[in-house]
Number of protein chains: 2
Amino acid sequence: MQKRTLETRARLVAVATALVAENGYGALRTDEVVKRAGVAKGTFFSHFKDKDALMDLLIGAGIDAHLDQLAKAPPPETVEELVALQAPLLHFMTQERYVFDVILRLSGAAAVAEIGAIATTFGRYLDLTVPWFEKGTFRNDISAELQADGMQAFVTQAMALHFCALHEDQSMGARLAVYLRAWLCPGG
Amino acid sequence: MQKRTLETRARLVAVATALVAENGYGALRTDEVVKRAGVAKGTFFSHFKDKDALMDLLIGAGIDAHLDQLAKAPPPETVEELVALQAPLLHFMTQERYVFDVILRLSGAAAVAEIGAIATTFGRYLDLTVPWFEKGTFRNDISAELQADGMQAFVTQAMALHFCALHEDQSMGARLAVYLRAWLCPGG
DNA sequence: TCCAATAATTGACTGCGGTCATTTAATTGG
DNA sequence: CCAATTAAATGACCGCAGTCAATTATTGGA
């Protein structure tokens with residue numbers, strides 16, 4: 001791989017980042033990226049398989065930054081702390097309908113060979129939250145892995161309902177709290 | 001509304017249904033629909049807001065047919081029955097990656113005014129499954145609505161992981177069974 | 001230093017969803 | 001039965017992602 005390659009790629013990413021900062025993710029156009037970066041259309045697609053691959057990189061980086069914060073914090077002891085701790089991450093992932101759609105689309109790796117940034121963050125989310133459940137603060141009848149896995153399902157559900165007009169009465173955090181209480185503190 | 005309108009619309013839907021039967025949902029092209037239906041491109045879009053609106057109709061009808069089956073069956077008494085009963089529906093929704101993506105995208109109504117067929121089926125799914133939990137066969141510490149809502153979250157999670165290469169070891173049904181046991185039979 | 005061989009870049013082109021001013025057909029009232 | 005009005009249909013056109021044969025730059029060996 002040539003030095004030139006890295007430079008071009010870095011310029012594309014830098015330009016894309018700037019454009020996203022200006023107009024948001026959904027408004028990004030590959031034409032505008034290549035124009036500002038001073039390269040041809042084809043160059044973009046020799047660096048990224050498709051537009052989704054660039055989005056995967058940008059959004060994945062955003063999620064990762066939020067996971068860094070989660071990693072720093074002490075393990076939450078209550079459902080309320082669990083919800084509060086994850087609020088910034090949920091807000092980031094639902095900032096735009098387009099962003100949430102991309103995340104859903106790319107969160108599962110289609111093939112082992114093509115695990116992207118977002119799919120990686122979903123793995124990291126589990127690695128990071130499993131220890132929260134290993135101390136036995138919540139349930140003891142099921143594994144910490146399953147508790148974390150289920151939390152992920154409810155986080156996704158809460159975010160999905162956030163975009164649903166029929167469920168606008170409740171906030172995302174309040175909805176998640178209800179789910180997690182039922183999931184992590186059954187009978188209590 | 002004129003009779004002609006209904007005829008044209010019916011022809012578009014019939015052609016689209018036939019094309020889907022031939023090549024699947026993801027391969028459907030609006031150009032081919034209008035060509036076979038013998039109408040102009042613009043006619044398609046005066047009948048459907050966009051391609052998603054047609055897909056909403058076609059896929060929504062498919063889901064509805066499966067819900068009809070669920071409605072006929074007696075309320076399941078065990079997690080195994082719960083999983084077995086829903087297996088055909090899950091299989092339908094995951095028959096193609098494209099179909100699952102469309103369902104996720106359209107399952108939440110963006111506005112109360114634009115509740116489509118798929119969003120309606122998601123409401124119907126809840127209406128239909130809530131009674132399963134009202135007899136107290138499963139949990140009694142949380143409402144039947146919440147039990148049904150949670151089941152929906154886990155069904156979605158199980159389907160999403162179905163497309164994830166990292167989780168191919170387990171079948172969708174097996175995965176769902178694990179989730180539902182933990183969700184509906186805590187401590188048992 | 002020069003010459004293949006390889007890697008990177010180019011931009012005209014394609015596919016496909018979606019738009020809109022214009023034309024054509026149906027409907028209604030006199 | 002014939003305007004006048006409203007509804008439906010038309011197709012050339014646009015935006016934007018993605019392709020690929022041709023071109024240009026880089027590199028490693030003789």
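The basis for the numbers below is simple: all heavy atoms, side chains too, and nothing from hydrogens, waters or symmetry mates. In what follows, chains carry the letters A, B, and so on, assigned in the order in which the sequence lines appear, proteins first and then strands, with residues in each chain numbered from 1.
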Distance, rounded to the nearest Å, where [X] contributes [atom1] and [N] contributes [atom2]:
{"X": "K3(B)", "N": "dA9(D)", "atom1": "NZ", "atom2": "P", "value": "13 Å"}
{"X": "L28(B)", "N": "dG15(C)", "atom1": "CG", "atom2": "C1'", "value": "15 Å"}
{"X": "E7(A)", "N": "dT26(D)", "atom1": "CD", "atom2": "C1'", "value": "13 Å"}
{"X": "E32(A)", "N": "dG15(D)", "atom1": "CD", "atom2": "C1'", "value": "13 Å"}
{"X": "K35(A)", "N": "dG15(D)", "atom1": "NZ", "atom2": "P", "value": "13 Å"}
{"X": "M55(A)", "N": "dC16(D)", "atom1": "CE", "atom2": "C1'", "value": "13 Å"}
{"X": "D56(B)", "N": "dG17(C)", "atom1": "CG", "atom2": "P", "value": "17 Å"}

Heavy-atom side-chain contact between [X] and [Y] under 4.5 Å:
{"X": "Q86(A)", "Y": "L82(A)", "result": "yes"}
{"X": "F133(A)", "Y": "L146(A)", "result": "no"}
{"X": "L176(A)", "Y": "F154(A)", "result": "yes"}
{"X": "E134(A)", "Y": "V130(A)", "result": "yes"}

Going hydrophobic residue to hydrophobic residue with side-chain gaps under 4.5 angstrom, can you get from L166(A) over to I63(B)?
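Hydrophobic grouping puts L166(A) apart from I63(B).
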
Using side chain to side chain contact (heavy atoms under 4.5 Å, CB included) as the criterion, list what pairs up with T8(B), not counting sequence neighbours.
R4(B), L12(B), V39(B), T43(B), H47(B)

Over all strands shown, is L54(A) touching base, sugar-phosphate only, or nothing at heavy-atom distances under 4.0 angstrom?
nothing

Base, sugar-phosphate or nothing for L6(A)? Non-hydrogen atoms, less than 4.0 Å.
nothing

Only pairs under 3.5 Å count here: list side-chain donor-acceptor contacts from residues 113-121 of chain B, not counting sequence neighbours, and write none if there are none.
residue	atom	partner	partner atom	Å
T120(B)	OG1	G116(B)	O	2.7
T121(B)	OG1	I118(B)	O	2.5

Mind listing the N/O atom pairs, protein and nucleotides 18-21 of chain D, below 3.5 Å?
residue	atom	partner	partner atom	Å
dG18(D)	OP2	K51(A)	N	2.7
dG18(D)	N7	K41(A)	NZ	3.3
dG18(D)	O6	K41(A)	NZ	3.1

Atom pairs and distances, donor-acceptor, side-chain atoms in residues 177-188 of chain A, under 3.5 Å, two or more places apart:
residue	atom	partner	partner atom	Å
Y179(A)	OH	D149(B)	OD2	2.7
R181(A)	NH1	E80(A)	OE2	2.5
W183(A)	NE1	Q147(A)	O	3.0

Return all side-chain donor-acceptor pairs below 3.5 angstrom for residues 97-106 of chain A, not counting sequence neighbours, or 'none' if the list is empty.
residue	atom	partner	partner atom	Å
R97(A)	NE	D101(A)	OD1	3.3
R97(A)	NH2	D101(A)	OD1	3.3
R97(A)	NH2	R105(B)	O	2.9
R105(A)	NH1	D52(A)	OD1	3.1
R105(A)	NH1	D52(A)	OD2	2.3

Strictly under 4.0 angstrom, non-hydrogen atoms only: write out the protein contact profile of nucleotides 1-8 of chain C, one letter per nucleotide from the 5' end, B, S or -.
------SS

